[in-house]
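Below is one structure, written out as structure tokens; comments come after it.
Keep in mind that the numbers below use all heavy atoms, side chains included, and drop hydrogens, waters and symmetry copies. Per chain, numbering begins at 1; letters A, B, ... match sequence-line order.
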2 protein chains.
Amino acid sequence: MEKLKEYVSVKDEDHFSHQGAVELLIFNFLLILTILTIWLFKNHRFRFLHETGGAMLYGLVMGLIIRYVTKSPDAESGTVYECEKLKSGPSTLLINITNQVYEYQYKREISHHNVNGHQGNTMLQKQMTFDPSIFFNILLPPIIFHAGYSLKKRHFFRNLGSILTYAFLGTAISCIVIGLIMYGFVKAMVHIGQLKQWEFHFTDCLFFGSLMSATDPVTVLAIFHELNVDTDLYTLLFGESVLNDAVAIVLTHSISIYSPKENPNAFDAAAFFQSVGIFLGIFAGSFAMGSSYAVVTALLTKFTKLCEFPMLETGLFFLLSWSAFLSAEAAGLTGIVAVLFCGVTQAHYTYNNLSADSKMRTKQLFEFMNFLAENVIFCYMGLALFTFQNHIFNPLFIFGALVAVFVARASNIYPLSFLLNLGRKQKIPRTFQHMMMFSGLRGAIAFALAIRDTASQPKQMMFSTALLLVFFTVWVCGGGTMPMLTWLQIRVGVDPDEDLKARAASQGAHNLDKNTTKAESAWLFRIWYGFDHKYLKPLLTHAGPPLTSTLPEWCNPLARLLTSPRAYGDQLKDGDTVYIINNDELTENYDSSAHTAVPAQDSTASSQATGKEDIQEGDLGLGGYKLQLQHTAGQPQKNSLA
Amino acid sequence: MEKLKEYVSVKDEDHFSHQGAVELLIFNFLLILTILTIWLFKNHRFRFLHETGGAMLYGLVMGLIIRYVTKSPDAESGTVYECEKLKSGPSTLLINITNQVYEYQYKREISHHNVNGHQGNTMLQKQMTFDPSIFFNILLPPIIFHAGYSLKKRHFFRNLGSILTYAFLGTAISCIVIGLIMYGFVKAMVHIGQLKQWEFHFTDCLFFGSLMSATDPVTVLAIFHELNVDTDLYTLLFGESVLNDAVAIVLTHSISIYSPKENPNAFDAAAFFQSVGIFLGIFAGSFAMGSSYAVVTALLTKFTKLCEFPMLETGLFFLLSWSAFLSAEAAGLTGIVAVLFCGVTQAHYTYNNLSADSKMRTKQLFEFMNFLAENVIFCYMGLALFTFQNHIFNPLFIFGALVAVFVARASNIYPLSFLLNLGRKQKIPRTFQHMMMFSGLRGAIAFALAIRDTASQPKQMMFSTALLLVFFTVWVCGGGTMPMLTWLQIRVGVDPDEDLKARAASQGAHNLDKNTTKAESAWLFRIWYGFDHKYLKPLLTHAGPPLTSTLPEWCNPLARLLTSPRAYGDQLKDGDTVYIINNDELTENYDSSAHTAVPAQDSTASSQATGKEDIQEGDLGLGGYKLQLQHTAGQPQKNSLA
């Protein structure tokens, strides 16, 4: 008897593990199909469907099959049991069933109205809708880290002011505009009786606004990269999308915490400022957490000879970067934001200390993880449309959201571009603005934020709507990128380095321009650059002027300890340094402060330095994958579009 | 009110996700510590503690801290609830708690005697003892795949007969010997009243024997590699440990299914042969599943131009290899075995089709995953000693197991070596046998098999004992490898390729030897080699003689379709082919069948071919990591030991 029971229990366990295997196998199968399809498309230079769009399409089809074709083997689910004595839901539940104790683990809270009315293979459907925390803890971090790690620093910093404006101010505008429009639609829905008043507050609308403000133009960026679209446009779009993810995540969190004391629709100044405070606190905290882990990594890789063992070095790099995410989460901050700034800082400092082998390993590892995670997410989004149990599709709400998203994008891009153009020497042309407006795709972050909480009916409605908007924007806007580029006559086939050199040369010729460039990059960043070049780089990497020459004299013993022996040799060569903002200006900036003035007109020297840096950045930012794309598909199109 | 509840529910969810973050952070922290410690040890050439041993040590310390220092925040766990109406444990349980429906997921069955008597921070302890299926589904597959993918094929096939004997016959002997000895100890325990008779059957002892037969000499192999120990010894030990994992896993499964009808202690011939049949069926099925996925990958990479997009290629390679594992699991076969043979086949065929970029990417990816997974497992084993809830330490049983494991290892190695030496030209010397005897470390697989089922008391006793034996063998035998090598005066500092060339040269000189070498490698493998070289290689890769010349004439249209254009050019150069078994003999074998006889005495040509292959294998088998070890730590020791 005992024996028999044991046998049954082993069989049961096997059953569960097989179920998990089937689930993962379906995903694998979808991803394999996606890869093969994308290869076919790439091979035939068919650019209307990006891999993420393809993954979504296959996910959709598989979701349909799971929902309507497979049969349910699990008749028992759907029954709700009553338990004596339980007052709240513990994380682990021990239950006595016919004299055998079973352990159950808490999964989620379910709204009453969702308990019945299941359809199709609920077991498999439930298995396929995996835990939302998997998005935030497993799939998103590598994507975001990779974005930070592969940032083209020079172009990014050249446009930093504009990017920050779009990311912070733009996201706030977008959030408020969507919130207001949605509130109007919600009022209308209440008016025609589709919704009860108490279900949907203005804060809920703002919550929806903030989650829909995270843009994810991965499709557009891939095409831009393939066609070598104008670097400034690429950088603006990429920088904005990376940073506005961070802003939108923290904003969503702050809004969900905003809880006015009395009437939830009334404005409560105290609660509002509390939310603003929380926003700033979490953002700053996450930034600090992420960059301090990167600083620790930089110090470890600088002061130990870990680079003799590239595998240990790569392992340490990987684990410390992941720890940045986990520590932020554990401390109640935002891991995604932490990991983004960790990536940027790792690329800026640690990368220079790594052995050549580890440089390549880390690059390729995160590139691969990014590729896989991105496709899994989009595939899963396709699946979720048919397998998620608690969809609420309200046509009016969906229509309202569609309108709101485009209006919000317009009121973000056009007014801000106008303001920015007042200060920018290198104006953002109208065509770029149209393209940025058009590239407001929604993707992984919006989805992940929406799926995080689907307990109540308003949240379910938001989730379903967000999902549909992702589909719409990825397929329609993503698919329309090529025609749009042609129609707007945007320059393609630009070599980013040639472009910059040409500009540097023209600046060398017209000496007047230099001052305006100086004005363009704000004084704050010049101060930062000086500080970085004189203190941080020499402290955290092997490069730069030795600390002994930059720190006051009484710090000399410490400075000698902290300066890498290599830094003394580098003093004049400066090979490892990455110039930020603008080459002429910054070389000059450093030259005039560290040594005594070196003629700044020496434009060949500065463009040589640029050349050096180009190689390094190309190495870091673009992996073999993307470079490969350029060679095989990019060139023949250059002329047909330009 | 509604609002409040929602807020609370969000907070709850956050709490769970933070808990997960803390848990992972502890692991990250342990791994980072391990990496730094190991670097320190490597730097000082201190070889008594391998990284896995270090990981285990830190895990142990952290387990102690979690158990005795932290306080329990969770008073509720440990209470067992009664539920009306439930007759069996469903996979998903919906429970109504104070009018709110919660979803719980099945985790495991718990023995009654384990419900109470918890100590310390049970919440954290439970969190740290994660789901056993994670071992089998996430952590083990990359380790096993990497073992297959990095197999040094030439040396492996030269010793294939011996390796298979040790792996199959040796594991069976080991399993039976351990089973018998343990049965004796169990009888003694029943005699002195420590155990009730009905709790422990002979099949349970065999089950324990089979799981303890999986050896994992990762520590020893790392040292061998670092010191360049004799290649034959390395290959015998590595090959045996890789294959005996597969055998032990399938054996354990077969024994757990063996259920005699009446008296569980009596021998039931029908049930026995059923188990043998299951063993053979599962082994063959898993082998077929694994290799067919690899064949599909080879065909896809050969017939598409996927190699133009290395990221897609790497993605496909990764996903198809993982699918081999998942499909085997889903079909009720053994994923680990499937993924092992998938790795071997991928290395043999697909690897040759990959682009240079993908070759490096796949190698480095699996190397890294192997490194990380291995350290996580050993770290977790250390943690499990203090955080696992249901340990049963029985001194007599543990002592018995210790004796049994060493006796079983001795009755595996010495008799089989004696038998093998009767047939082998290149005898396995006594010192090698002692070293193999000593290297019978237990590791990840034994642990994973033991933790899979800890529901009953006998199983818990086995788990605790297995864990202790892992600790003992890894620290004592692993730490004693260096002294043992010195004491046995085993040759170190051997260049494997030089070694083989020297042998080939001596074979060229003494022409008589060739026939004995031929006898050594069995006819079966020569037939296989011919088949592989003439049909499989040309079909699955770009190499080899064109199928048009090897297939019968009426197959010509098909053969022309399937042969790579590159194969025609390669006909004489044969650069991509990897020679198996023995170089002289096989070149001759192929030459005499495909073309008309080419003088076989031309030993320079064959050693040139060997040279080519060496480069290729070195590229595949040893990543930068291990090669690096050689350079930095290996050389200075060569003379001090030899």
Which region of [X], side chain (C-beta onward) or backbone (N, CA, C, O), has a non-hydrogen atom less than 4.5 Å from a non-hydrogen atom of chain A, or is it both or neither?
X: B:F318; value: side chain
X: B:T304; value: both
X: B:L36; value: side chain
X: B:L31; value: both
X: B:L306; value: both

**Cationic tip of B:K459 above B:F207 ring, under 6.0 Å, 45° of axis** =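 Yes, a cation-pi geometry.
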
**Asked** Do the side chains of B:Q364 and A:L365 get nearer than 4.5 Å, heavy atoms only?
**Response**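 When only atoms from C-beta onward are counted, B:Q364 and A:L365 do not touch, as no gap falls below 4.5 Å.
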
**Request:** Select, from A:N28, A:L320, A:T314, the one with the greatest count of heavy-atom pairs under 4.5 Å involving chain B.
**Result:**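 Counting heavy-atom pairs under 4.5 Å, the top option is A:N28.
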
Can you tell me how far [atom2] of [Y] sits from [atom1] of [X], rounded to the nearest 0.5 angstrom?
X: B:S323; Y: B:E329; atom1: OG; atom2: CD; result: 13.0 Å
X: B:F29; Y: A:L326; atom1: CZ; atom2: CG; result: 13.5 Å
X: B:F317; Y: B:F366; atom1: CZ; atom2: CZ; result: 5.5 Å

**Prompt:** Under a 4.0 Å N-O cut-off, is there an ion pair linking A:E308 with B:K42?
**Reply:**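 Salt bridge: no.
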
**Message:** Which atoms of A:L319 are under 4.5 Å from chain B, going by heavy atoms: the side chain, the backbone, both sets, or neither?
**Reply:**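 Backbone plus side chain of A:L319, per the 4.5 Å heavy-atom cut-off to chain B.
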
